[in-house]
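Each remark here refers to the structure printed beneath this line.
Quantities reported herein were computed from a predicted structural model and do not represent experimental measurements. We name chains A, B, ... by the order of the sequence lines, and we start the count at 1 in each one.
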Amino acid sequence: MNQMKPGSRVDRRRFLTLAGLAGACAAVGVQPAAAEATPDPDIVNLPPWTQALGAGVNNHPYGVPSPFEKDVVRREVTWLTASSESSVSFTPLYALDGIITPNGLCFVRHHGGEAEIDPTRHRFMIHGLVDKPLVFTMEDIKRMPGRTNRVYFLECAANSGMEWRGAQLNGCQYTHGMIHNVVYTGVPLRAFLEAAGVKPKGKWVLAEGADASAMTRSIPLEKAMDDCLVAWAMNGEALRPEQGYPLRLVVPGWEGNMWIKWLRRIEVGDQPWGQREETSKYTDLLADGRSRRFTFIMDAKSVVTSPSPQAPLHARGPNVISGVAWSGRGTVTRVDVTLDGGKNWTTARIEGPALPRSMTRFYLDVDWNGEELLLQSRAMDDTGYVQPTKAELRAVRGVNSIYHNNGIQTWLVRSNGEAENVEVS
Amino acid sequence: MSRSARSFAVAGAVLLAFTGLASADAVKLGRPALPEEIKAWDIDVRPDGLGLPEGQGSVSQGEELFQNNCAACHGEFGEGVGRWPVLAGGQGTLTSERPEKTIGSFWPDTSTVFDYVHRAMPFGAAQTLQPDEVYAIVAYLLYLNDVVPDDYVLTKENFPTVALPNRPNFYDDDRETTEKAFWKATPCMKDCKPKVEITSHAAVLDVTPDAGKEGDKPAGAVE
């Protein structure tokens with residue numbers, strides 16, 4: 001009998017009833033009655049932090065997390081790539097909440113290492129099919145009219161790319177951690193293009209970085225004139241060096257590789273440039289041997305971040321299932337969660353801002369009786385797109401495409417609370 | 001009008017003389033880019049050959065340059081060392097269990113080889129090769145992939161005529177038509193399938209970092 005009772009609107013009375021039911025059959029996590037208990041030493045004994053003075057206000061001129069959070073860090077998978085300069089580290093999604101990724105935990109993908117650029121020596125050039133080729137300094141850019149703040153997710157197209165052939169990595173940090181979500185401050189790219197004057201023949205732009213890979217991507221002019229930003233700040237402070245300090249391109253909803261870091265150049269042209277990152281990479285090889293190109297948009301996707309392999313359940317009884325959802329096509333309108341591998345679904349509670357092309361947080365408050373769970377989440381966006389199962393994706397694409405794996409993730413949560421990455425029929 | 005109000009009004013008028021609202025269509029920021037500056041940065045090469053510099057290089061010149069500058073990572077014949085990219089071979093593998101995506105088997109455009117070697121290679125010494133050297137290395141890579149004969153000399157003039165075999169097998173994003181079924185009006189909520197079985201376990205491979213064990217190198221990679 002399944003006594004797992006999910007509810008997005010559990011009122012207090014119903015919740016207590018369910019807790020009572022769970023308590024009747026659960027040994028773990030039930031608190032002893034007050035009469036039998038011994039006093040908690042953390043209450044009755046004077047702790048050092050209450051007795052002695054702590055550190056002064058400027059102990060850390062730039063603040064750092066508590067030492068008790070030392071394990072909440074980016075991690076890499078060393079066997080993935082040949083060198084650390086052309087590699088990736090992953091966001092610890094399992095330990096985060098809300099929708100904003102802290103700057104120091106945003107995943108990092110480099111192709112030629114982290115460029116260290118003196119902002120006074122950085123230049124931004126617009127040229128090609130324009131009336132007036134222009135050069136801007138960082139000071140010029142920060143004086144531009146039309147400054148905006150926008151929250152967007154940035155997801156690498158290869159996020160979940162290791163999972164095409166089956167469950168492989170144990171932890172949402174590794175399966176889904178090539179994503180972050182921050183608020184950017186910048187100026188629309190359109191302002192620079194209009195200042196230079198795009199000629200009627202202009203249809204594409206090439207964006208280029210100043211790093212040792214001189215990263216380049218072709219972007220349709222329509223997108224460049226729509227919502228792309230030239231950004232210099234994230235979460236209220238200057239971009240981190242690993243995120244492209246002093247300047248990066250923001251390409252909302254589109255694959256992360258296009259968000260050129262250390263942005264130094266925009267060229268306007270009449271056709272795409274066929275660069276390495278849009279031909280030999282970031283094209284999607286399908287089962288018939290043909291490949292899709294220009295698959296820029298990141299489709300709707302979600303993942304349960306807790307519980308997950310790195311964030312097991314610790315007790316029966318009340319628990320919060322937490323996760324994130326996003327869509328490059330628009331706004332996440334609904335997330336459904338299943339506890340039984342997709343037989344039955346319950347709509348989760350979207351909590352906090354649900355912004356277009358931003359991560360969205362969802363919760364499902366449950367009362368866990370220790371039964372094994374097959375936990376999944378399914379995102380929907382305002383275009384009506386529903387996150388597909390991995391089987392549905394493979395039926396269309398095969399298993400060799402590497403990129404754009406937005407299939408539904410399954411965690412097997414065992415009765416001891418540990419979780420494992422699995423796939424289900 | 002009080003004395004202070006009058007002086008404020010005067011100050012306001014003075015301010016207006018040099019302060020207005022800036023708009024994007026009247027930006028006075030930035031300066032003209034000089035032709036020399038554009039030339040220094042505009043090194044991109046398109047599939048139609050636009051952007052190619054003057055120059056030429058032969059397969060044999062390329063072989064020597066490749067052994068000295070590239071083979072440590074890519075192997076003598078472009079076969080790849082360790083997890084460094086494989087550049088040659090792989091023809092006929094794109095529908096197999098382990099596709100080998102090389103210049104000859106996968107890349108659509110010769111221009112990409114030139115552009116990328118010129119802008120980002122050798123790894124750690126980017127943009128140090130002269131145009132003639134890049135032409136020679138590209139010629140050698142085309143030879144390794146059976147695209148040109150061993151006496152070939154690649155030049156700016158003959159470049160756009162060299163086609164790569166996989167070119168016709170790329171097509172534009174068609175998800176909105178081929179994956180139209182993913183736009184579902186009402187996804188199933190109750191009794192969606194009769195039974196559920198686990199078909200795959202990550203623990204079987206055991207390749208997760210921090211797991212404390214060194215497993216086999218699994219399939220797939222970040223590219």
- Item | Quiz item: cation-pi between Arg290(A) and Tyr171(B), 6.0 Å / 45° | yes
- Query: Atom CZ of Phe170(B) and atom OG1 of Thr283(A): how far apart are they, to the nearest 0.5 Å?
  - Reply: 4.5 Å
- Task: May I ask you to test the Ile38(B)-Pro133(A) pair for a side-chain heavy-atom distance under 4.5 Å?
- Result: yes
- Check whether Pro168(B) gets within reach of chain A through its side chain, its backbone, both or neither, counting any heavy atom under 4.5 Å. neither
- Message: Under 4.5 Å from any heavy atom of chain B, what part of Asp288(A) do you find: side chain, backbone, both or neither?
- Response: backbone
- Item | Interface moiety of Thr295(A) toward chain B, non-hydrogen atoms closer than 4.5 Å | both
- Relative to chain A, which segment of Phe106(B) carries a heavy atom at a distance below 4.5 Å: side chain, backbone, both, or neither? side chain
- Could you grab the distance from atom OG1 of Thr137(A) to atom CG of Leu29(B), nearest 0.5 Å is fine? 8.5 Å
- Query: Hey, does Glu85(A) have a side-chain heavy atom less than 4.5 Å from the side chain of Phe123(B)?
  - Reply: yes
- Toward chain A, the part of Ser96(B) with a non-hydrogen atom under 4.5 Å: backbone
- Message: Do the side chains of Lys195(B) and Asp340(A) get close enough for a salt bridge, i.e. N-O under 4.0 angstrom?
- Response: no
- Task: Go through Glu208(A), Gln271(A), Met144(A) and name the one with the most non-hydrogen pairs under 4.5 angstrom from chain B.
- Result: Gln271(A)
- Value rounded to 0.5 Å, distance of CG in Leu285(A) from CG in Asn169(B): 9.5 Å
- Message: Given the ring of Tyr116(B), does Arg276(A) sit roughly above its face, with NZ or CZ under 6.0 Å from the centre of the six-membered ring and within 45° of the axis?
- Response: yes
- Item | Contacting moiety of Asp115(B), where chain A heavy atoms sit under 4.5 Å | side chain
- Note on the structure: chain B shares the most heavy-atom pairs under 4.5 Å, among Arg397(A), Glu278(A), Glu139(A), with Arg397(A)
- Message: Given heavy-atom pairs under 4.5 angstrom as the criterion, report whether the side chain, backbone, both or neither of Pro188(A) touches chain B.
- Response: neither
- Query: Picking from Ser291(A), Ala82(A), Gly274(A), which has the most non-hydrogen pairs under 4.5 angstrom with chain B?
  - Reply: Ser291(A)
- Task: Pick one of side chain, backbone, both or neither for Glu37(B), based on which atoms fall under 4.5 Å of a heavy atom in chain A.
- Result: both
- Message: When you compare the side chain of Glu267(A) with that of Asp42(B), does any pair of heavy atoms fall below 4.5 Å?
- Response: yes
- With sequence neighbours excluded, residues passing ring pair (Phe, Tyr, Trp, His ring centres under 6.0 Å) with Phe296(A): Trp254(A), Phe294(A)
- Message: To the nearest 0.5 Å, what is the distance between CH2 on Trp273(A) and CG on Asp109(B)?
- Response: 14.0 Å
- Message: For a quick check under 3.5 Å, do Arg292(A) and Thr178(B) share a side-chain donor-acceptor pair by atom type?
- Response: yes
- Query: When you look at CD of Glu418(A), are more than 12 heavy atoms from neighbouring residues, nucleotides or ligands closer to it than 6.0 Å?
  - Reply: no
- With salt bridge (Lys or Arg N to Asp or Glu O under 4.0 Å) as the test, would you mind laying out the steps for Asp140(A) and Lys28(B) before giving the verdict? CA-CA 9 Å; Asp140(A) 294 333; Lys28(B) 297 163 191 148; over 6 Å; no
- Query: Which one of Val399(A), Asp299(A), Asp381(A), Thr338(A) has the most heavy-atom pairs closer than 4.5 Å to chain B?
  - Reply: Asp299(A)
- Message: As a quick check of understanding, evaluate side-chain contact (heavy atoms from CB on, under 4.5 Å) for Arg175(B) and Ile297(A), giving each step before the final call.
- Response: CA-CA 10 Å; Arg175(B) 283 176 290 177; Ile297(A) 298 175; 3.8 Å; yes
- chain A contact via Glu179(B) - which portion, at a heavy-atom distance below 4.5 Å: side chain
- Contact class of Val45(B) relative to chain A, heavy atoms under 4.5 angstrom: backbone
- Counting only heavy atoms closer than 4.5 Å, note whether Ser86(A) contacts chain B via side chain, backbone, both or neither. both
- Item | Region of Arg378(A) in contact with chain B, defined by heavy-atom distances below 4.5 Å | side chain
- Is there a side-chain contact between Pro187(B) and Arg334(A) (heavy atoms, below 4.5 Å)? yes
- Has Lys190(B) got more than 12 heavy atoms of other residues, nucleotides or ligands less than 6.0 Å from its NZ? yes
- Heavy-atom side-chain proximity of Thr383(A) to Trp183(B) below 4.5 angstrom: yes
- Considering only heavy atoms from C-beta outward, does the side chain of Tyr174(A) approach that of Thr208(B) to under 4.5 Å? yes
- Query: Does NZ or CZ of Arg83(B) fall inside the cone over Trp79(A)'s six-membered ring, less than 6.0 Å from its centre and within 45° of the axis?
  - Reply: no
- Please check if the side chain of Lys193(B) supplies one atom and the backbone of Ser425(A) the other of a donor-acceptor pair under 3.5 Å. yes
- Taking all non-hydrogen atoms of both residues into account, name the closest pair between Val135(A) and Ala33(B) and its distance. CG2-CB, 3.6 Å
- Contact origin within Ser218(A) toward chain B - heavy atom pairs under 4.5 Å: neither
- Message: So His201(B) and Asn170(A), do their side chains get closer than 4.5 Å, heavy atoms only?
- Response: no
- Item | Residue part contacting chain B, namely of Ile141(A), when any heavy atom lies under 4.5 Å | neither
- Give, as side chain, backbone, both or neither, the part of Leu412(A) having an atom under 4.5 angstrom from any heavy atom of chain B. side chain
- Check whether Asp336(A) gets within reach of chain B through its side chain, its backbone, both or neither, counting any heavy atom under 4.5 Å. side chain
- Item | Arg119(B) side-chain N/O to Met215(A) backbone N/O, donor-acceptor pair under 3.5 Å | no
- Please state whether the side chain, the backbone, both or neither of Asp172(B) comes within less than 4.5 Å of a heavy atom of chain A. both
- Message: Let's test your reading of the structure: which of Thr112(B), Ile103(B), Asp44(B), Asp191(B) forms the most heavy-atom pairs below 4.5 Å with chain A?
- Response: Asp44(B)
- Query: Contact part of Gln275(A) toward chain B, heavy-atom cut-off under 4.5 Å: side chain, backbone, both or neither?
  - Reply: both
- Message: Quick check on Ala214(A) against chain B: is it the side chain, the backbone, both or neither that has a heavy atom closer than 4.5 Å?
- Response: both
- Message: If you count heavy-atom pairs within less than 4.5 Å of chain B, which of Val424(A), Leu374(A), Asn257(A) leads?
- Response: Val424(A)
- Note on the structure: Okay, Lys132(A) and chain B: the region with an atom under 4.5 Å from a heavy atom over there is neither
- Message: Tell me whether Arg329(A) at atom CZ has more than 12 heavy atoms from other residues, nucleotides or ligands lying less than 6.0 Å away.
- Response: yes
- Message: So which residue, His404(A), Arg264(A), Arg123(A), ends up with the most heavy-atom pairs under 4.5 Å with chain B?
- Response: Arg264(A)
- Identify the heavy atoms of Ser213(A) and Ala120(B) that sit nearest to each other, and give their distance. O-CB, 3.7 Å
- Spatial distance of atom CZ (Arg165(A)) from atom OG (Ser200(B)) [nearest 0.5 Å]: 12.5 Å
- Proximity breakdown for Val77(A) and chain B, heavy-atom pairs closer than 4.5 Å: both
- Within the side chain of Thr95(B), is there an N or O that forms a donor-acceptor pair under 3.5 Å with the backbone of Gly289(A)? no
- Query: Looking at OG of Ser280(A) and CG of Leu87(B), how far apart are the two atoms once the value is rounded to the nearest 0.5 Å?
  - Reply: 10.0 Å
